[in-house]
Amino acid sequence: MSIPRKGRFALLSAAAVSVVAAASIAVIGSAEAASTLGASAAQTGRYFGVATSAFKFSDTPYMTIVNREFNSLVAENDMKWDATEPQQGRFTFTNGDRLVSHAQAHGMTVRGHTLLWHAQQPSWAQGLSGAALRNAAINHVTQVATHFRGKIHSWDVVNEAFADGGSGARRDSNLQRTGNDWIEAAFRAARAADPGAKLCYNDYNTDGINAKSTGIYNMVRDFKARGVPIDCVGLQSHLGTTLDSTYQQNIQRFADLGVDVQITELDVQQGSNQANIFASVTRACLAVARCTGITVWGVRDSDSWRTGQNPLLFDAGGNKKAAYTAVLNALNAGGPTTPTSPTPSTSNPPVPAGCSARVTLNSWTGGYTATVRVTAGSSPVNGWSVGVTVPSGGAVTNAWNATNTSTSGPVTFRNVSYNGSVAAGGFTEFGFQGTGTGPTANPTCTAG
Ligand code: 9MR
């Protein structure tokens with residue numbers, strides 16, 4: 001794929017960032033500087049992730065950096081179609097599972113990459129067309145999203161489906177030739193298979209307001225208008241030696257459509273601007289409340305797919321580069337918190353015992369998914385129940401990481417065997433899917 005070289009580098013002004021920050025309710029300042037990327041991003045409710053591969057898990061210097069710096073992982077290749085369904089109907093999840101287990105053991109979230117893409121298809125799929133390909137593709141989405149159900153923070157449901165250049169149109173591919181509705185069919189199948197995952201459309205050369213990003217913008221706007229389930233847009237951000245001056249504006253316009261934005265595959269060609277561009281991208285994400293996380297596409301320069309361009313945050317010896325320090329400083333400078341992050345408190349009010357619950361909704365026409373965070377108070381919680389009022393006309397259709405006996409009106413969700421114990425001040429999350437409009441009143445939480 002090509003790396004964009006057009007566009008004018010523009011350092012985002014601190015003034016622009018502070019105007020956005022001032023308009024937000026919850027702002028984190030720079031008072032508590034964190035010393036790793038993940039911890040620093042977490043201060044504003046964001047993640048900072050990295051692309052990795054199971055075959056590198058035995059590389060100790062590499063894993064030392066992964067485990068120290070990042071709080072989100074994505075499979076650089078291990079969850080792609082060719083890797084997970086090498087023969088039609090025969091699925092192999094070994095490497096993907098290893099990645100998920102590692103992430104879970106280290107308290108990291110996982111991005112899923114990617115359910116459908118014109119590239120890296122297994123040869124059997126490359127040979128299909130029409131209804132046979134459509135059915136195989138949707139089955140792939142369903143099987144893979146079902147296998148990883150409940151373990152993926154965000155899925156790149158469809159990757160790189162738009163053409164480069166000025167058309168703003170879809171890219172020609174075997175998938176596109178099955179009909180223009182293949183993308184929405186994939187998103188619907190993914191939602192049904194894993195209602196708790198955020199569903200993203202992901203692409204490159206979308207690093208500013210241009211014909212390609214506008215084509216995607218129009219698709220997302222159409223999906224939102226028609227109730228196609230989409231929650232996020234991934235801006236890959238494989239960057240050259242300049243940064244488009246509309247980079248932040250582009251993030252903002254997607255956020256204004258009601259989707260999250262994630263920087264999904266960040267790397268920047270080495271050159272005198274490298275550290276500045278990394279920092280500007282970080283600041284742009286932090287300036288938009290719905291820009292919820294950043295992932296870099298590899299650990300050390302020597303791990304990168306861009307051989308010879310040294311586009312990452314660590315050199316081949318695992319040393320932090322100037323770009324690393326620039327990103328960390330930008331993260332520590334703070335910005336508005338993401339909508340789903342806990343509101344930071346400026347003082348230290350006494351924390352009550354018991355538990356509290358907060359609900360976050362992903363709504364579409366006729367339905368929604370709800371993510372509920374159960375937070376323990378000043379004492380550990382052993383068992384919890386959360387009361388939710390489902391608006392009349394709607395009903396809960398399924399739940400994960402909790403059980404419920406009724407489905408409409410007042411509904412009580414109880415912990416399952418593995419998530420009843422929550423440490424003092426800690427939290428756990430469960431979710432449910434429903435028809436109609438989601439609950440608007442605050443949920444109640446009862447410990448014990
Ligand atoms: O980094 C990935 C590389 O190891 C693979 O050989 C390549 C195969 O196409 O895919 C690379 O990752 C791509 C990602 O999946 C989608 N966006 C572009 C990335 C870089 O090519």
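When a residue number appears, it is its place in the shown sequence, counting from 1. Whatever order the structure lists ligands and atoms in, that order sets their numbers, starting from 1.
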With heavy atoms only and a cut-off of under 4.0 Å, state how [X] meets ligand 1: side chain, backbone, both or neither.
X      : result
Thr114 : neither
Asn202 : neither
Tyr204 : neither

Checklist entry - In a check of side chain to side chain contact (heavy atoms under 4.5 Å, CB included) between Phe430 and each of Val386, Val416, Thr403, which one passes? => result Val386
Checklist entry - Are Asp315 and Arg300 ion-paired here, with the side-chain N under 4.0 Å from a carboxylate O? => result no
Checklist entry - Hey, are Arg191 and Asp231 close enough for a salt bridge, meaning a charged N less than 4.0 Å from a carboxylate O? => result yes
Identify, by atom number and element, the atoms of ligand 1 in contact range of [X], meaning under 4.0 Å from any of its heavy atoms.
X      : value
His238 : 18 (C), 19 (C)
Asn159 : 16 (C)
Glu160 : 16 (C), 17 (N), 18 (C)
Glu76  : 1 (O), 2 (C), 3 (C), 4 (O)
Trp305 : 1 (O), 20 (C), 21 (O)
Gln120 : 7 (C), 8 (C), 9 (O), 10 (O)

Item to check | Arg171 to Phe162 six-membered ring, cation-pi geometry met (6.0 Å, 45°) | outcome: no
Item to check | Lys321 charged N/C atom sitting above Phe278 aromatic ring, 6.0 Å / 45° | outcome: no
Next on the checklist: Please tell me whether Phe57 and His102 form a close aromatic pair, meaning their ring centres lie under 6.0 Å apart.
Outcome noted: yes
Below 3.5 Å, N or O to N or O, backbone or side chain included: is there any such pair between [X] and ligand 1?
X      : result
Trp297 : yes
Asn77  : yes
Gln236 : yes

Checklist entry - What distance do Glu265 atom CD and Glu76 atom CD have between them, rounded to the nearest 0.5 Å? => result 8.5 Å
Item to check | Any donor-acceptor N or O pair under 3.5 Å, side chains Gln236, Asp207 | outcome: no
Item to check | Heavy-atom proximity to atom 11 (C) of ligand 1, best of Lys80, Met79, Glu265 | outcome: Lys80
Item to check | Geometric class of the Phe254/Tyr217 ring pair [parallel <30°, tilted 30-60°, perpendicular >60°] | outcome: perpendicular
